[in-house]
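Reckoned from all heavy atoms, side chains included, excluding hydrogens, waters and symmetry mates.
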Amino acid sequence: MKTQILIAALFFSGFVTAQQKKDSVKVNAIDAVNIKKQVFKKQGDRLVYDVASSPIAKGTNTFTLLKQTPMISSVDGKTLKILGKSDAVIYINNKKTNMDAEALIEMLKSTPSEDIQKIEVITVPGSEFQVESKEGVINIVMKKSRNNGYNGTMKMQNEHGYYNNPSAGASFNFRQGKWSGNSNVRVGSWTDREKYRLSNGDPTFRNESYGYNADPNNNYGGGINLDYEINKKQSLGLSYNMRYNKSFNSVLEMMNWQDGVLTNRTINNENAQTRNHSFNLNYEIKTDSLGSKLTSNVSYLWFNRDKVSFNESFPLYEDENNKYSALHQSVPQIINNYAANIDYLKKTAKGATWLMGVSYNHTNTDNDTRQDVFNGTNFVDNPAQTNHFIYKEQILGAYINYERKLTEKISGKAGLRYEMTKSTGDILGKTGFERNYNNLLPYLNLNYAISSDHNLSYTFSSRIRRPRFWELNPSRMYFTPTNYTQNNPFILASKFYNQELNYMYKNAFYANLSFTMIEDASSQLPLRGTLTRSKVDENGNPFTEKIKFLRYIRTNYGNSRELGLTLGMNKSWFKDIWTTNYSVNLGYTTFNGSVTKDPTSMPEPGETEELEAYVLDIKNYNMSATLNNNIRLSSKKDWFLGVNYFIASRAATEGGMMGVRQSLDFSIKKIVGDWTVLVELYDVFNQNLYKIEGVQPHGSYNNVTNFNYPRLFSVGVTYNFGNQKLKKAREMKSANDAVKSRT
């Protein structure tokens with residue numbers, strides 16, 4: 001309670017101070033007029049953060065800058081959230097980025113903030129954006145100049161947590177006449193360390209597992225983007241991006257107890273390699289002097305992940321139900337995607353804007369899973385878990401938007417997106433399915449500029465969330481022989497209906513009220529049950545073996561509702577010496593539904609299983625807050641101190657109640673000419689851990705604690721060289737952008 005009172009006091013002190021200043025100042029004469037550019041403002045369907053006018057945008061990188069942007073946060077240093085909940089899709093100059101998530105974050109961390117003009121946050125994207133569910137859009141607008149020349153950035157960073165993790169990257173940009181281009185390369189090695197505690201049971205028994213996972217990774221990535229200006233109206237571009245990740249000798253070790261007795265030890269060794277290559281050809285032509293243009297793209301994406309593992313279970317004592325067991329598993333995945341799209345932007349002389357476009361995506365995924373089990377003498381094929389799953393998907397999309405200013409104070413934007421999906425899935429020799437569905441997705445945004453100090457807007461959007469391709473691959477990852485996770489090829493797409501009401505005061509304080517309805521909601525749920533087998537002992541006598549299992553299965557369960565209120569402030573104090581970015585998120589969430597059958601279960605002959613119903617009837621209030629402070633320590637603007645704090649209350653998830661999380665971070669930055677040295681300390685008190693406790697009405701429970709050693713000490717050195725006012729190459733949207741996020 002004291003923490004919540006302190007957060008409220010800090011937040012609302014900004015309102016009180018602003019009002020006191022307004023009431024106490026009486027203007028008798030005007031000696032001079034100073035015009036200060038607005039740093040943060042509402043503009044149509046988006047909130048615009050003018051980086052060039054912000055005091056915190058000097059000598060840092062784009063990722064750190066995004067974390068300081070109003071409405072955007074990052075708790076783990078690896079992902080970005082909008083309003084503390086929605087996943088962020090990154091656009092650059094209105095073009096969606098063309099790389100996988102981890103490579104994108106590395107690119108943002110290697111891009112100097114001086115290249116950024118402004119950042120646009122679109123909490124509910126319009127019909128023209130290729131997004132799913134309740135994803136928001138962050139559009140990064142680069143600075144522009146016609147100067148010829150080159151520039152570049154080199155960066156070295158070292159993070160120390162449980163292990164030491166070095167990385168390095170470099171980028172190079174050039175412009176000469178009609179040619180422009182940029183390239184980047186990134187290398188790094190890191191080892192993830194996680195500690196697990198799993199427990200499940202009911203009033204009659206309990207299972208407990210303790211262990212750790214050590215996952216070493218070597219990562220290599222890069223890309224090149226070339227742009228040729230055919231004439232003043234036409235441009236042609238080509239881009240290529242790649243990423244290779246190697247994770248060999250990954251170890252998961254678990255010690256397992258049953259009813260308080262140590263029964264066995266499970267060790268899983270894994271080797272994995274991931275390759276990702278994407279190509280895009282782009283053509284753009286300007287059709288008039290008002291800014292109308294036609295854009296077309298042809299894209300190809302190839303994704304390949306090879307994973308092999310060896311799982312062994314060593315009994316501490318041996319009986320019929322507790323013997324040595326082992327299995328070999330190979331889980332490859334290959335994705336080929338071919339895509340094309342055409343977009344047309346039409347601006348009229350009266351100020352209205354039409355946007356329209358069509359797109360086509362064709363995707364083939366090939367998952368040839370092999371599993372061998374130890375039968376007491378040697379390894380033999382396990383037909384139940386050896387499967388060749390082939391998934392094919394075609395998506396035809398079309399959209400149209402109309403935007404215009406209705407009066408001096410009211411503007412609006414209306415859109416409609418149509419998506420036709422045809423998909424087939426075949427587990428060769430076993431089963432298959434075919435799904436064809438059409439979706440009509442409307443969009444509406446109304447913006448009312450009440451006065452220069454007050455702005456009010458309303459937005460409605462409908463979206464779907466298709467399963468990620470890896471979620472469809474019916475493969476398992478074992479914690480113990482009877483405790484594993486498994487994906488589900490039969491999962492359905494979810495439907496999202498998003499509404500939002502946004503109010504902004506003095507371009508510094510904002511309130512955002514949102515409501516989301518989800519149909520056919522899905523999640524990874526813990527399903528408990530009993531497997532019964534008919535067996536014969538060494539003497540030929542039949543007996544019945546009963547084994548209790550716990551499976552984390554990704555499946556649809558029912559419906560969900562989310563109501564959220566965010567109060568935020570972005571303001572500078574004492575002549576920009578102290579910059580604050582505070583937000584408080586209040587939420588109310590409901591989950592309703594049940595799962596009575598494991599959709600992935602295929603019992604072998606002589607086996608039957610009984611599954612306990614997993615019931616969701618949850619209503620939960622939750623709260624989170626982010627307090628970011630940036631303090632300039634010198635008049636030369638070369639020393640900066642960062643103090644950031646994050647806290648999240650207990651919150652309900654489909655799998656159970658998540659515990660309190662919090663993190664206190666410090667950073668200090670020194671700028672020396674073209675050099676920047678940044679020292680950061682994340683999660684000083686090691687409090688950002690994930691702990692979930694789930695209890696069902698019939699008394700069974702399932703608890704998971706995951707501690708990934710969040711305290712990190714990081715030192716980074718960045719050097720910028722060349723002409724820093726150079727114009728970037730034209731960023732191009734890829735036709736298969738929507739598919740990349742699903743890999």
Side-chain angles (χ1 to χ4, degrees), residues 194-213 252-266 268 311 313 321 471 476-488 491 521-532 546-558 560 589-601 609-620 622 648-661 689-708:
E194 296 180 276
K195 184 166 60 176
Y196 294 98
R197 178 176 179 176
L198 314 175
S199 62
N200 67 91
D202 60 29
T204 65
F205 85 103
R206 71 180 189 275
N207 285 331
E208 297 172 302
S209 299
Y210 303 87
Y212 75 95
N213 174 233
L252 171 65
E253 181 172 341
M254 305 293 290
M255 303 295 292
N256 307 304
W257 280 259
Q258 185 170 336
D259 292 328
V261 178
L262 182 62
T263 57
N264 57 59
R265 178 168 62 105
T266 302
N268 189 80
N311 185 283
S313 180
N321 297 324
E471 294 176 347
R476 293 180 179 177
M477 195 280 282
Y478 287 88
F479 290 102
T480 72
T482 58
N483 186 345
Y484 57 81
T485 66
Q486 179 164 340
N487 297 315
N488 177 12
I491 194 170
S522 63
S523 184
Q524 186 168 274
L525 303 176
L527 304 182
R528 297 178 62 249
T530 304
L531 180 68
T532 303
K546 292 189 175 183
I547 301 174
K548 293 184 179 294
F549 60 79
L550 173 62
R551 305 166 181 168
Y552 296 90
I553 306 298
R554 191 170 300 277
T555 184
N556 303 95
Y557 63 82
S560 176
T589 307
T590 66
F591 304 102
N592 292 283
S594 64
V595 178
T596 58
K597 181 181 178 181
D598 180 355
T600 67
S601 178
E609 68 177 40
E610 182 180 349
L611 185 73
E612 295 180 3
Y614 190 84
V615 179
L616 286 161
D617 185 14
I618 300 172
K619 299 177 177 63
N620 173 252
N622 55 80
S649 70
R650 285 169 56 86
T653 69
E654 291 95 334
M657 186 68 68
M658 181 178 292
V660 175
R661 295 174 294 148
L689 74 158
Y690 290 85
K691 183 177 182 180
I692 295 180
E693 298 177 346
V695 180
Q696 285 289 290
H698 43 67
S700 65
Y701 65 91
N702 179 63
N703 302 327
V704 178
T705 300
N706 182 348
F707 181 71
N708 61 352

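Listed for the His698 side chain is no donor-acceptor partner under 3.5 Å among the backbone atoms of Asp202. Looking only at distances, a side-chain donor or acceptor of Asn620 sits under 3.5 Å from a matching main-chain atom of Ala652. No donor-acceptor pair under 3.5 Å is formed between the side chain of Thr590 and the backbone N or O of Asp617.
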- Does the pair Asn706 and Tyr196 meet the rule for a side chain to side chain contact (heavy atoms under 4.5 Å, CB included), with working shown? CA-CA 5 Å; Asn706 182 348; Tyr196 294 98; 3.9 Å; yes
- Message: I'd like to know whether Thr530 forms a side chain to side chain contact (heavy atoms under 4.5 Å, CB included) with Ile547, so could you lay out the CA-CA distance, the side-chain angles of the two residues, the decisive distance to 0.1 Å, and finally the verdict.
- Response: CA-CA 6 Å; Thr530 304; Ile547 301 174; over 6 Å; no
- Message: Using the rule given for side chain to side chain contact (heavy atoms under 4.5 Å, CB included), can you reason through Tyr484 versus Arg551, listing the C-alpha separation, both sets of side-chain angles and the distance that settles it, and then say yes or no?
- Response: CA-CA 5 Å; Tyr484 57 81; Arg551 305 166 181 168; 2.8 Å; yes
- Residue pair Phe479, Leu550: steps toward the side chain to side chain contact (heavy atoms under 4.5 Å, CB included) verdict: CA-CA 10 Å; Phe479 290 102; Leu550 173 62; over 6 Å; no
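Glu612 contributes atom CD, which lies 4.0 Å from atom CZ of Arg528 (distance to the nearest 0.5 angstrom). Expressed to the nearest 0.5 Å, how far CG of Asn708 lies from NZ of Lys195 amounts to 11.0 Å. Atom OH of Tyr552 sits about 11.0 Å away from atom CG of Leu525, to the nearest 0.5 Å. Taking OH of Tyr614 as the reference point, atom OH of Tyr557 lies at 10.0 Å (rounded to 0.5 Å). Rounded to the nearest 0.5 angstrom, Ser523 OG and Phe591 CZ are separated by 8.0 Å.
Considering every non-hydrogen atom in both Asn556 and Ser522, the closest pair reads ND2-CB, 3.7 Å. Shortest non-hydrogen contact noted between Asn487 and Arg554 is OD1-NE, 4.1 Å. The two atoms that bring Trp257 and Leu262 nearest to each other are CD1-N, 3.3 Å, heavy atoms only. In terms of heavy atoms, Gly699 sits closest to Pro203 at O-CD, 3.8 Å. Considering all non-hydrogen atoms of both residues, Gln696 and Ala613 come closest at OE1-O, 3.5 Å. Taking all atoms of both residues into account, the shortest heavy-atom contact from Asn622 to Ala651 is CB-CB, 3.8 Å.
No option in Asn268, Thr266, Leu198 other than Thr266 meets the side chain to side chain contact (heavy atoms under 4.5 Å, CB included) test with Thr480. Screening Thr485, Thr600, Leu611 for a side chain to side chain contact (heavy atoms under 4.5 Å, CB included) with Ile553, the sole residue that qualifies is Thr600.
Side chain to side chain, Glu609 and Ser601 meet the donor-acceptor criterion of an N or O pair below 3.5 Å.
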List the atom pairs, with distances to 0.1 Å, where a side-chain N or O of residues 205-212 and a protein N or O form a donor-acceptor pair under 3.5 Å, not counting sequence neighbours.
residue: Ser209; atom: OG; partner: Asn256; partner atom: OD1; Å: 2.7
residue: Tyr210; atom: OH; partner: Arg197; partner atom: NE; Å: 3.4
residue: Tyr210; atom: OH; partner: Arg197; partner atom: NH2; Å: 3.3

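Under the 4.5 Å side-chain criterion, counting only non-hydrogen atoms from C-beta, Glu610 is not in contact with Thr532.
Residue Lys597 places its NZ atom among 12 or fewer non-hydrogen atoms of other residues, nucleotides or ligands, all under 6.0 Å distant. Under a cut-off of 6.0 angstrom, the local environment of NZ in Lys691 is sparse, with at most 12 non-hydrogen atoms contributed by other residues, nucleotides or ligands.
Considering only residues two or more places apart in sequence or on other chains, Met658 meets the side-chain contact (heavy atoms from CB on, under 4.5 Å) condition with Thr653, Arg661, Tyr690, Ile692.
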